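Worksheet: the structure to be examined is printed underneath.
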2 protein chains.
Amino acid sequence: MRLTTKGRFAVTAMIDLALHGDNGPVTLAGISERQKISLSYLEQLFGKLRRNNLVSSVRGPGGGYRLMRPMNEVSVADIILAVDEPIDATQCKGKENCHNDQRCMTHGLWTSLNTKIRDYLTLVTLEQLVTSPKVKNVSVLQDLRAHK
Amino acid sequence: MRLTTKGRFAVTAMIDLALHGDNGPVTLAGISERQKISLSYLEQLFGKLRRNNLVSSVRGPGGGYRLMRPMNEVSVADIILAVDEPIDATQCKGKENCHNDQRCMTHGLWTSLNTKIRDYLTLVTLEQLVTSPKVKNVSVLQDLRAHK
DNA sequence: ATATACTTGATAAAAATTGTCGGGTATTGC
DNA sequence: GCAATACCCGACAATTTTTATCAAGTATAT
């Protein structure tokens, strides 16, 4: 799970798509103008989103993109994983040549944390982002986690 | 809050430092060999960690780095924020020229999510990572979150 | 004291990633 | 047919990540 501007742009674009998807497909040109993301970049991002079955495309006039699943079945993790190829911060890439226990240990610790972050972002759906109070700049997910 | 290999390397290095800090300062050369991170890169990372008061340095033979705070007072968020300069994914960088409500809205939503991720990583301390069962490759933080 | 090895600290360079621009082709509604 | 739109590609600049190189400080032995 990597978290960079690339993933942020993808999340922002998906939110825009979710918000404007009521009247047929949404054009990338529209998203580009509203969100100030370059059209070329959006094309790259939506190519990946489409190949990951998060959106579907309609060509020709009146065409554009549609969400392929209901908003409550699309998580932030889905979006980020679709556009941000996961990278491997460990040196022993799954190989069995890790003789030094210490090394494997810390790597294991890290990958565990990594899993936790992904699990957390899996809980946040597009629907939650879209249906939150819009005008307030407060936290979207304040009530998501039980112990707070 | 950005999450890249840079931050991962920093977390891994800090875990290594916490594990080997019992017998005086830990050298970057040692961390480099154990974790397979280039010495030069570690030098840069620890420069930032030092400037953020997460570690202190001792020069000369027998020197190295020490944790500056107890392990339970160092969070993963602390480490990542120290080395990974936060970037601004919004286009209207705090300016008031955001006439399009739609744009500001999604930006607000994103920054909220961003805050949530940071809050989450703030709960994970170095101590939790280090004292977790070492040999198992299972999740480190399985019991951290109440509703699971 | 002085040399020497060890180590941090700083800067430059190389590699990888991110983002933009421009050109094209394919598809489809009108 | 025409125009709107997705889709694909290559080139490029900007940024970030990673490595390489050099300089400076300091404990220790001699």
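Since this is a predicted model, take the numbers as computed values, not measurements.
Rounded to whole Å, the distance from CG on A:L3 to C1' on D:dT16 is 15 Å. For B:Y41 and D:dT21, the OH to P distance is 19 Å, given to the nearest whole Å. To the nearest angstrom, P of C:dT7 lies 14 Å from CZ of B:R66. The NZ atom of A:K6 sits 20 Å away from the P atom of D:dA14 (whole-angstrom rounding). Between A:R50 atom CZ and D:dC7 atom P there is a gap of 4 Å when expressed in whole angstrom units. Note: CG (A:D84) to P (C:dA16) measures 18 Å, nearest angstrom. Atoms CG (A:L39) and P (C:dG23) sit 14 Å apart, rounded to a whole Å. Atom CG in B:L45 sits about 10 Å away from atom P in D:dT19, given to the nearest Å.
If you chain together hydrophobic residues whose side chains sit under 4.5 Å apart, A:M71 and A:L19 fall into the same group. B:Y65 and B:Y41 end up in the same hydrophobic cluster when Ile, Leu, Val, Met, Phe, Trp and Tyr side chains are linked at under 4.5 Å. Cluster annotation: A:L67 is connected to A:L49 through the hydrophobic network of ILVMFWY side chains, with a link wherever side-chain heavy atoms come within less than 4.5 Å.
The phosphate of D:dT16 (OP1 or OP2) has no side-chain N or O of B:T4 nearer than 4.0 angstrom. Phosphate contact (OP1/OP2 of C:dT20, side-chain N/O of A:S38, threshold under 4.0 Å): present. Within the structure, every side-chain polar atom (N or O) of A:R2 is placed at least 4.0 Å from both OP1 and OP2 of D:dT17. For C:dT18, the OP1/OP2 oxygens have no side-chain nitrogen or oxygen of A:R8 closer than 4.0 Å.
At a cut-off of 3.5 Å, with distance as the only test, a side-chain donor of A:S75 or A:D78 sits close to an acceptor on the other residue.
Among the atoms of the strands shown, only primed sugar atoms or phosphate atoms (P, OP1, OP2) are found under 4.0 Å from some heavy atom of B:Y65. Note on A:G47: nothing from the nucleic acid sits closer than 4.0 angstrom, heavy atoms only.
Nearest-nucleotide positions on DNA chain D place A:G63 closer to the 5' end than the other of A:G63 and A:R51.
For D:dT17, the base has no donor-acceptor partner in the side chain of B:Q44 [N/O atoms by modelled type, under 3.5 angstrom]. Donor-acceptor pairing under 3.5 Å, judged by distance alone, is present between the side chain of B:E43 and the base of C:dA10. For A:S57 against D:dA6, a side-chain-to-base donor-acceptor contact under 3.5 Å is absent.
When each of D:dA3, D:dA6, D:dT17 is scored by its nearest atom to the side-chain atoms of A:P61, the top-ranked nucleotide is D:dA3. Closest contact between the side chain of A:R59 and the listed nucleotides C:dT8, C:dT7, D:dA6 involves D:dA6. Checking C:dG9, D:dT17, D:dT19 against every side-chain atom of B:T5, the shortest atom distance belongs to D:dT17.
A:D16 has a carboxylate O that lies under 4.0 Å from a charged side-chain N of A:R34, or vice versa, which qualifies the two as a salt bridge. Salt bridge B:K6/B:D84: absent, no basic N to carboxylate O contact under 4.0 Å.
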